[in-house]
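First the structure, in the form of structure tokens, and then the observations on it.
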Amino acid sequence: MAGKTERCKRLSEEESQTDMCPTIAELQSLLDSRRTSSHRVDEVWPNLYLGDLSTANNRYELWKMGITHVLNAAHGRRYSEGNSDFYGASITYHGVPANDVPDFDMSKYFYSASEFIHKALNTPGARLLVHCVVGISRSATLVLAYLMIHHQLSLTQAICRVQENRWVYPNKGFLEQLLHLDEVLREARQNQIQSNRHEEKP
């Protein structure tokens with residue numbers, strides 16, 4: 001664990017000093033450094049739980065956890081029972097029909113899923129479960145995108161934050177899409193900083 005923490009710190013410092021995004025190889029190495037067996041469900045951000053299909057399909061367990069919102073990143077896939085009818089009025093449901101393959105375009109769901117997560121977590125008393133089948137690739141990708149979009153974390157920082165509580169491993173294609181998102185968000189922040197400076201000049 002200490003090694004992982006140091007690696008997170010080193011990568012974050014390198015990013016801040018150079019304003020450069022990490023490489024895919026560096027990200028995969030970071031992910032590998034925390035490779036352990038994951039629990040069925042873990043709280044990775046306040047009131048945000050990342051979990052697997054068996055947790056999502058167990059309505060009694062969700063009730064015990066106090067889950068009020070479910071984001072299913074395996075919507076419509078085999079064995080995934082989740083939908084609005086399955087959960088009823090007690091849970092607000094959002095489905096993303098993603099395949100866990102590198103060439104699937106998950107990026108088209110980054111902003112809509114992030115908005116669902118953001119609204120859920122800003123609802124008083126809400127608790128949100130984000131899941132796919134195992135809870136390490138598709139669902140993790142959407143959680144990382146949310147942290148980047150709504151909390152201004154870099155991809156490295158988002159991975160480190162999530163891996164404090166759960167091992168995740170987005171496939172290579174998803175990592176590339178997240179890295180592109182990281183670059184776009186960095187550029188937007190830089191443009192905003194420059195715009196603010198320009199406005200402040202007399």
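When reading the values below, keep in mind they use all heavy atoms of this one structure, side chains included, and skip hydrogens, waters and symmetry mates.
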Open item on the list: I want to check a possible cation-pi pair here: R59 against Y87, using under 6.0 Å from ring centre and within 45° of the ring axis as the test.
Closed with: no

Task: Close side-chain approach of D100 to V133, heavy-atom, < 4.5 Å - done: no

- [ ] Report the distance from atom NE2 of H118 to atom CD1 of I149, rounding to the nearest 0.5 Å.
- [x] 11.0 Å

Open item on the list: Please check: side-chain N/O of D182 versus main-chain N/O of L178, any donor-acceptor pairing under 3.5 Å?
Closed with: no

Task: Side-chain donor or acceptor of E61 paired with backbone N/O of N58 under 3.5 Å - done: no

Open item on the list: My understanding is that only residues two or more places apart in sequence, or in another chain, count here; which of them pass side-chain hydrogen bond (donor to acceptor under 3.5 Å, both in side chains) with S54?
Closed with: R40, D52

Open item on the list: Within the structure provided, determine whether T68 and L128 are in side-chain contact (heavy-atom separation under 4.5 Å).
Closed with: no

Open item on the list: Measuring only between side-chain heavy atoms, which start at C-beta, is E183 closer than 4.5 Å to H180?
Closed with: yes

Task: Contact summary for A56 and L62, nearest pair of heavy atoms - done: O-CD1, 3.6 Å

- [ ] Mind listing the closest non-hydrogen atom pair of P102 and Q177 along with its distance?
- [x] O-NE2, 4.0 Å

- [ ] Please report the closest heavy-atom contact between R166 and G135, naming both atoms and the distance.
- [x] NE-O, 3.0 Å

- [ ] Only counting residues at least two apart or in another chain, list the ones meeting side-chain hydrogen bond (donor to acceptor under 3.5 Å, both in side chains) with D105.
- [x] S107

- [ ] Would you indicate whether H150, at its atom NE2, is surrounded by more than 12 heavy atoms from other residues, nucleotides or ligands within a distance under 6.0 Å?
- [x] yes

Open item on the list: Taking the side chain as everything from C-beta on, heavy atoms only, tell me whether T55 gets closer than 4.5 Å to H131.
Closed with: no

Open item on the list: For V101, give me all partners under side chain to side chain contact (heavy atoms under 4.5 Å, CB included), at least two apart in sequence or on another chain.
Closed with: N99, D103, F104

- [ ] Can you measure from CD (E26) to CG (L175) and round to the nearest 0.5 angstrom?
- [x] 12.5 Å

- [ ] Before giving the answer on side chain to side chain contact (heavy atoms under 4.5 Å, CB included), spell out for T92 and V70 the whole-Å C-alpha distance, their side-chain angles and the decisive distance to 0.1 Å.
- [x] CA-CA 6 Å; T92 303; V70 169; over 6 Å; no

Task: Inter- and intrachain pairs under salt bridge (charged side-chain N to carboxylate O under 4.0 Å, His left out), touching residues 108-130, at least two apart - done: none

Open item on the list: So does V44 get a backbone contact from the side chain of D42, meaning a donor-acceptor N/O pair under 3.5 Å?
Closed with: no

Task: side-chain hydrogen bond (donor to acceptor under 3.5 Å, both in side chains) involving Y93 - partner list, sequence neighbours excluded - done: N72, H75

Task: T123 (side chain) donor-acceptor with A126 (main chain) under 3.5 angstrom - done: no

- [ ] Kindly say whether D32 contributes a backbone atom to a donor-acceptor pair with the side chain of W167 at under 3.5 angstrom?
- [x] no

TODO: Indicate yes or no: at least one non-hydrogen side-chain atom of L121 is less than 4.5 angstrom from one of W45.
DONE: yes

Task: Close side-chain approach of R186 to C21, heavy-atom, < 4.5 Å - done: yes

Task: Within one Ile-Leu-Val-Met-Phe-Trp-Tyr cluster: I67 and L50, side-chain cutoff 4.5 Å - done: no

Task: Distance in Å, L179 CG paired with K172 NZ, rounded so as to fall on 0.5 Å steps - done: 11.5 Å

Open item on the list: With a 4.5 Å cut-off on side-chain heavy-atom distances among I, L, V, M, F, W and Y, is there a chain of contacts connecting I91 to V41?
Closed with: yes

Task: Side-chain donor or acceptor of Q28 paired with backbone N/O of A25 under 3.5 Å - done: no

Open item on the list: Check whether R161 reaches the backbone of L147 with its side chain - one donor and one acceptor, N or O, closer than 3.5 Å.
Closed with: no

Open item on the list: Just so I know, are the side chains of L27 and L155 near enough to count as touching, which here means a heavy-atom distance under 4.5 Å?
Closed with: yes

TODO: Would you give the length of the straight line joining atom CD1 of I136 to atom OH of Y169, rounded to the nearest 0.5 angstrom?
DONE: 9.5 Å

Task: Connected via hydrophobic side-chain network under 4.5 Å: W63 and M65 - done: no

Task: Interatomic spacing from OG in S33 to CD in Q163 - rounded to 0.5 Å - done: 6.0 Å

Atom pairs and distances, donor-acceptor, side-chain atoms in residues 138-146, under 3.5 Å, two or more places apart:
from, atom 1, to, atom 2, distance (Å)
R138, NH1, A98, O, 2.8
T141, OG1, S137, O, 2.7
Y146, OH, H151, NE2, 2.7

Task: Sidechain-backbone polar pair: E43 side chain, Y49 backbone, donor-acceptor under 3.5 Å - done: no

Task: Check: I117 and H94 side chains under 4.5 Å, non-hydrogen atoms - done: no

- [ ] Indicate, with yes or no, if L129 and V134 share a hydrophobic cluster defined by side-chain heavy-atom contacts under 4.5 Å among Ile, Leu, Val, Met, Phe, Trp and Tyr.
- [x] no

Task: Same apolar cluster (I L V M F W Y, side chains within < 4.5 Å links), V162/I24 - done: yes

